[in-house]
2 protein chains.
Amino acid sequence: MTIEQEFFNQYRLMYRPFINQVNVLLEKYQLFSSQWALLRLLKDKGSHTFVDIANFMFIEKPSVTRLVQKLVELGYVETVAGRDKREKLVQLTANGEEIVQEIQAQLKPFFEQALAGVSKQEIEIATQVLANICANINR
Amino acid sequence: MTIEQEFFNQYRLMYRPFINQVNVLLEKYQLFSSQWALLRLLKDKGSHTFVDIANFMFIEKPSVTRLVQKLVELGYVETVAGRDKREKLVQLTANGEEIVQEIQAQLKPFFEQALAGVSKQEIEIATQVLANICANINR
DNA sequence: TATATTAGTTAGCCTAGCTAACTATACGCT
DNA sequence: AGCGTATAGTTAGCTAGGCTAACTAATATA
């Protein structure tokens, strides 16, 4: 097996256990990891239109609609008018802002434990590798 | 955002685009990436019981049952008697062996292109990081 | 020998996506 | 100004790829 195959093998193998454990931590906020991904995007980069969100997350518009609907229900985000009558901007509510911070604090120790024994430099290299692949395959 | 959060962010972001593209390549064999993962396991490590497969892939037994059923239908694997009357071993058929090699050859250029601009050393570090996380979170 | 454990299956559920087809608004061209 | 095209978001309905709970059959153990 080539090292490339080995890498992607390992990449895929980790996915479910990782997501499942994140979901356990998110449970008390009634969130799943996909919804959390959107909250984090809004926190990091401010309000976005549905189309922007779809592009950033590499998912389709109807998937965004559903994510947003759920987060609106929970009171974590709200939609406001955009540049014209078609557009809607999605943004965190005050409560959403708080929750995001709280969750980030909760996830931090889990992430650190998951990366126990891995140096900062290795984490940075691995992050860069993932970012490169992302760029290569979405070209 | 901490570098740990950044890493897992990037990790998750890559998943769907990657799986989708692998699935496109697998389409002509009527396979999806989860089924491919099992074929690769059988190729790499020989025949396994259902329970072994569940443990290796970090999924539950009923999920294994479905994967195997599909691959049996396609004629890529077969089940044979195990050590006692409860156990069943899953192994590749002759056709399965051929198909796996063919698919590996098809995936190789895709993997290489996805990793374009990433050095062998970086790939190895990233693989090791993923393996470490896997070990840490499944403890 | 009765009870507990283990291997695999079945039924039915869920997340997290997808495509196709739709509505409403905006833009471009004559 | 009006018509055709493009864009933003929604709805309906589908799928992969898991999951749990509850089951059967076979084996191990007290």
Side-chain angles (χ1 to χ4, degrees), chain A residues 12-27 29-39 41 47-74 77-90, chain B residues 12-27 29-39 41 47-74 77-90:
Chain A
R12 194 183 189 288
L13 194 59
M14 201 191 100
Y15 188 75
R16 285 282 162 187
F18 169 68
I19 293 294
N20 288 344
Q21 294 206 25
V22 171
N23 282 343
V24 170
L25 294 172
L26 294 175
E27 202 169 8
Y29 304 97
Q30 295 170 266
L31 289 172
F32 289 97
S33 85
S34 59
Q35 295 152 2
W36 166 244
L38 175 50
L39 289 179
L41 173 66
S47 59
H48 284 76
T49 66
F50 285 65
V51 169
D52 283 346
I53 292 170
N55 292 336
F56 270 105
M57 296 180 76
F58 302 118
I59 59 179
E60 300 304 313
K61 288 188 299 171
S63 307
V64 177
T65 298
R66 286 230 296 235
L67 284 177
V68 172
Q69 276 169 353
K70 183 64 186 174
L71 293 173
V72 168
E73 259 177 53
L74 292 169
V77 309
E78 62 197 351
T79 58
V80 298
R83 284 168 306 186
D84 61 40
K85 283 183 184 170
R86 291 172 303 179
E87 238 184 40
K88 288 159 78 176
L89 287 172
V90 183
Chain B
R12 194 183 189 287
L13 194 59
M14 201 192 100
Y15 187 75
R16 284 282 161 186
F18 169 67
I19 292 294
N20 288 342
Q21 294 206 25
V22 171
N23 282 343
V24 169
L25 294 174
L26 293 175
E27 202 170 6
Y29 305 96
Q30 293 168 267
L31 290 171
F32 289 98
S33 85
S34 58
Q35 296 152 0
W36 166 242
L38 175 49
L39 290 179
L41 173 66
S47 58
H48 284 77
T49 65
F50 284 65
V51 169
D52 284 345
I53 292 170
N55 291 336
F56 269 105
M57 296 180 75
F58 302 118
I59 58 179
E60 300 304 314
K61 288 187 299 172
S63 307
V64 177
T65 298
R66 285 229 298 234
L67 283 178
V68 172
Q69 277 170 353
K70 183 64 186 175
L71 292 174
V72 167
E73 259 178 52
L74 292 168
V77 310
E78 61 197 352
T79 58
V80 298
R83 285 166 307 185
D84 61 38
K85 283 183 185 170
R86 290 173 303 180
E87 237 185 41
K88 288 159 77 176
L89 288 172
V90 183

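The sequence lines fix the lettering, A, B, ..., with proteins before strands; numbering per chain opens at 1. Everything numeric in this text was worked out from a predicted model, so none of it was measured.
Two residues, A:F58 and B:F50, neighbour DNA chain C, and the one matched to the more 5' nucleotide by heavy-atom proximity is B:F50. Ranked by how close their nearest DNA chain C nucleotide is to the 5' end, A:P62 and B:Q69 are led by B:Q69.
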Residues B:S34, A:R12; criterion side-chain contact (heavy atoms from CB on, under 4.5 Å); working and verdict | CA-CA 9 Å; B:S34 58; A:R12 194 183 189 288; 3.6 Å; yes

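Distance A:L38 CG to C:dT15 P: 16 Å, rounded to the nearest Å. Atom NZ of A:K70 is separated from atom P of C:dT15 by 8 Å (rounded to the nearest Å). The nearest whole Å value for the distance from the CD atom in A:E87 to the C1' atom in C:dA26 is 11 Å. Look at CG on A:L67: it is 10 Å from C1' on C:dT15, rounded to the nearest Å.
The nearest pair of heavy atoms linking A:V68 to A:V77 is O-CG2, 4.2 Å.
Closest to the A:E60 side chain, of the nucleotides C:dG8, C:dC18, C:dT5, is C:dC18.
Within the 4.0 angstrom heavy-atom criterion, only backbone atoms of the sugar-phosphate kind lie near A:R16; the bases stay farther away. Residue-level contact check: B:S34 touches the backbone only, with heavy atoms under 4.0 Å from sugar-phosphate atoms and none from bases. Nucleic acid contact for B:K61: base, since at least one base atom lies under 4.0 Å from a heavy atom of the residue.
With a cutoff of under 4.0 Å to any heavy atom of chain B, the contacted region of DNA chain D is bounded 5' to 3' by D:dA16 to D:dT27.
For the pair A:S47/A:V90, no side-chain contact is recorded, criterion being any heavy-atom separation below 4.5 Å from C-beta on.
Between A:S63 and C:dA16 there is no side-chain N or O to OP1 or OP2 distance below 4.0 Å.
Atoms OH and CG, from A:Y29 and A:L74 in turn, are 13.0 Å apart once rounded to the nearest 0.5 Å.
Residue pairs meeting the salt bridge (Lys or Arg N to Asp or Glu O under 4.0 Å) criterion with at least one member in residues 51-72 of chain B, sequence neighbours excluded: B:K70-B:E73.
Ring orientation note: the planes of A:Y15 and B:Y15 are close to parallel, at an angle under 30° on the 30°/60° scale.
Evaluation of atom-type donor-acceptor distances gives no pair under 3.5 Å for the side chain of B:K88 against the base of C:dG8.
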